[in-house]
Amino acid sequence: MTGFALLTDTQQPTPSDPVTPPDLRERFYALLPELIASDPRVVALLADIGAGYVDVPPDLADRVINVGIREQLLVSAAGGLALTGMRPVVHTFAPFLVERPYEQLKLDLGHQGVGALLVSAGGSYDMAGAGETHFGPRDVPLLDTLDGWTVHVPGHADEAQAQLWAALPGDDRVYVRLSGASNARPYGAGPSMTVLRRGSRGTVVAVGPLADRTLAAVADLDVTVLYAATVRPFDAAGLRATLSEPDVVLVEPYLAGTSVRHVSDALADLRHRVLGLGVGAAELRRYGSPEDHDAAHGLDVAGIRRSVTRFLS
């Protein structure tokens, strides 16, 4: 059994499709009342963000708790509720959900051995005009320093919905990273990578909402493109099973190089090269738009193509 899924000929991706994809964050808000109603253990914890967008019927209102702009309390409360057997669904923007309450994630969830379903919004710089306080490219690398987290990075609202339902049961620690960017269509929400196309000169791993632009960037290059909507655990088996040449490019929507060590671990017995594309560490103080940041970090179509071409040549 290999660790990847393969699109059939009739399912091949068409990134130029003009259909406007549904918004991931809006899908989560619409789905949240159903998630709560589905299981008496589920309780939603908010920190003002989203509080005005969730339409919860009166009989479920006592299972939606808005703690205000107190993010450390947000996660500590989730840990306490989890200790009582509840299943907390915790939501706010990425920097407020992972960076600010990092100690609470480490102690009140991890150290206590309990879980929660964390759902962020804002991606790395969806709210570009709000500046550095609202930028979230450090979330996945920070969670990499903690044990036992499953991390989903959906690239389409349908994928996010499937991942949320799958993560709801149980007591494990799950992070679902929602972004304003989206692919035109879902490519797969499971833990295994999906093969979007095959080639012989190397492998490009496109994560979440960067799949369509990656496909456009390498359209005429002889490379395999894998799609990952789940990044932790990393699908090492899927990477190895589809490898033609041991040259791998990661295209990730958070800090550049975040998954490089996972690729290196997967290919530890092979001589290989890895290029990690993503958000640079330098702070960009002219905030602009999300598209401006994509271009500045080389995560637009032209930038991805330029980097992949140089690497392979």
Side-chain angles (χ1 to χ4, degrees), residues 23-29 32 44-51 53-54 66-76 78 88-106 108-110 116-146 149-157 159-160 163-164 167 173-182 207-210 228-232 251-259 278-284 287 289-291 293-294 297 299:
D23 184 271
L24 279 73
R25 184 180 171 193
E26 291 179 0
R27 178 70 64 86
F28 168 64
Y29 291 155
L32 187 55
L45 293 167
L46 308 174
D48 271 0
I49 305 303
Y53 297 94
V54 179
N66 181 11
V67 304
I69 308 175
R70 300 175 180 88
E71 287 83 5
Q72 288 93 342
L73 173 61
L74 179 77
V75 176
S76 285
V89 178
V90 191
H91 172 67
T92 187
F93 292 143
F96 310 146
L97 190 58
V98 178
E99 291 183 58
R100 186 171 293 171
Y102 175 80
E103 184 177 14
Q104 284 70 38
L105 294 174
K106 180 179 72 173
D108 297 336
L109 292 177
L117 172 53
L118 272 58
V119 184
S120 71
S124 288
Y125 37 71
D126 285 357
M127 295 186 65
E132 186 68 19
T133 58
H134 285 63
F135 288 3
R138 302 168 187 85
D139 53 352
V140 176
L142 272 174
L143 288 177
D144 263 354
T145 67
L146 302 175
W149 282 89
T150 296
V151 178
H152 299 301
V153 187
H156 189 276
E159 296 170 1
Q163 290 167 342
L164 288 164
R173 294 182 288 279
V174 181
Y175 179 54
V176 180
R177 187 185 205 264
L178 304 184
S179 171
S182 176
V207 174
L210 299 182
T230 298
V231 295
R232 302 292 180 271
V251 188
E252 301 181 279
Y254 30 81
L255 279 188
T258 294
S259 296
V279 179
E283 181 179 346
L284 304 182
Y287 299 135
S289 67
E291 292 75 22
H293 284 266
D294 286 338
H297 292 295
L299 291 177

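All values below come from the heavy atoms of this structure, side chains included, with hydrogens, waters and symmetry mates left out. This chain uses plain numbering: 1 for the first residue, then up along the sequence.
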[X] side, atom [atom1]; [Y] side, atom [atom2] - distance, nearest 0.5 Å:
X    : Y    : atom1 : atom2 : answer
T258 : D139 : OG1   : CG    : 8.5 Å
K106 : L143 : NZ    : CG    : 13.5 Å
L97  : L118 : CG    : CG    : 4.0 Å

Which atom pair, heavy atoms only, marks the closest approach of [X] to [Y]?
X    : Y    : result
S259 : Y254 : OG-OH, 4.4 Å
A160 : L178 : CB-CD2, 3.9 Å
R177 : P137 : NH2-CA, 4.0 Å
P88  : A78  : CG-O, 3.3 Å
V153 : P253 : CG1-CG, 4.0 Å
Y102 : T145 : OH-OG1, 2.7 Å

* Check whether the ring centres of Y287 and Y125 lie less than 6.0 Å apart, and answer yes or no. => no

* N/O donor-acceptor pair under 3.5 Å between E71 side chain and T92 backbone -> no

* Are the side chain of T230 and the backbone N or O of R232 linked by a donor-acceptor pair below 3.5 Å? -> no

For a 4.5 angstrom cut-off between non-hydrogen side-chain atoms, does [X] reach [Y]?
X    : Y    : result
L117 : V90  : no
H297 : L284 : yes
P95  : R100 : no
V89  : V119 : yes
E103 : S76  : no
I49  : R25  : yes
P154 : V176 : yes
V98  : L105 : yes

* Partner residues of S182 under the side-chain contact (heavy atoms from CB on, under 4.5 Å) criterion, sequence neighbours left out -> P21, L24, H156

* Set of side-chain contact (heavy atoms from CB on, under 4.5 Å) partners for N66, sequence neighbours left out -> L46, D48, A51

* How are the rings of Y53 and Y29 set relative to one another: parallel (under 30°), tilted (30 to 60°) or perpendicular (over 60°)? -> parallel

* Does the side chain to side chain donor-acceptor pair (under 3.5 Å) test come out yes or no for Y175 and S120, once each step is laid out? -> CA-CA 8 Å; Y175 179 54; S120 71; 2.8 Å; yes

* Asked: Going through the checks in order, is the side-chain contact (heavy atoms from CB on, under 4.5 Å) test met by H134 and F96?
  -> CA-CA 8 Å; H134 285 63; F96 310 146; 3.9 Å; yes

* E132 bridged to R138 by N-O distance under 4.0 Å -> yes

* Asked: With sequence neighbours excluded, what pairs up with F28 under the ring pair (Phe, Tyr, Trp, His ring centres under 6.0 Å) test?
  -> H91

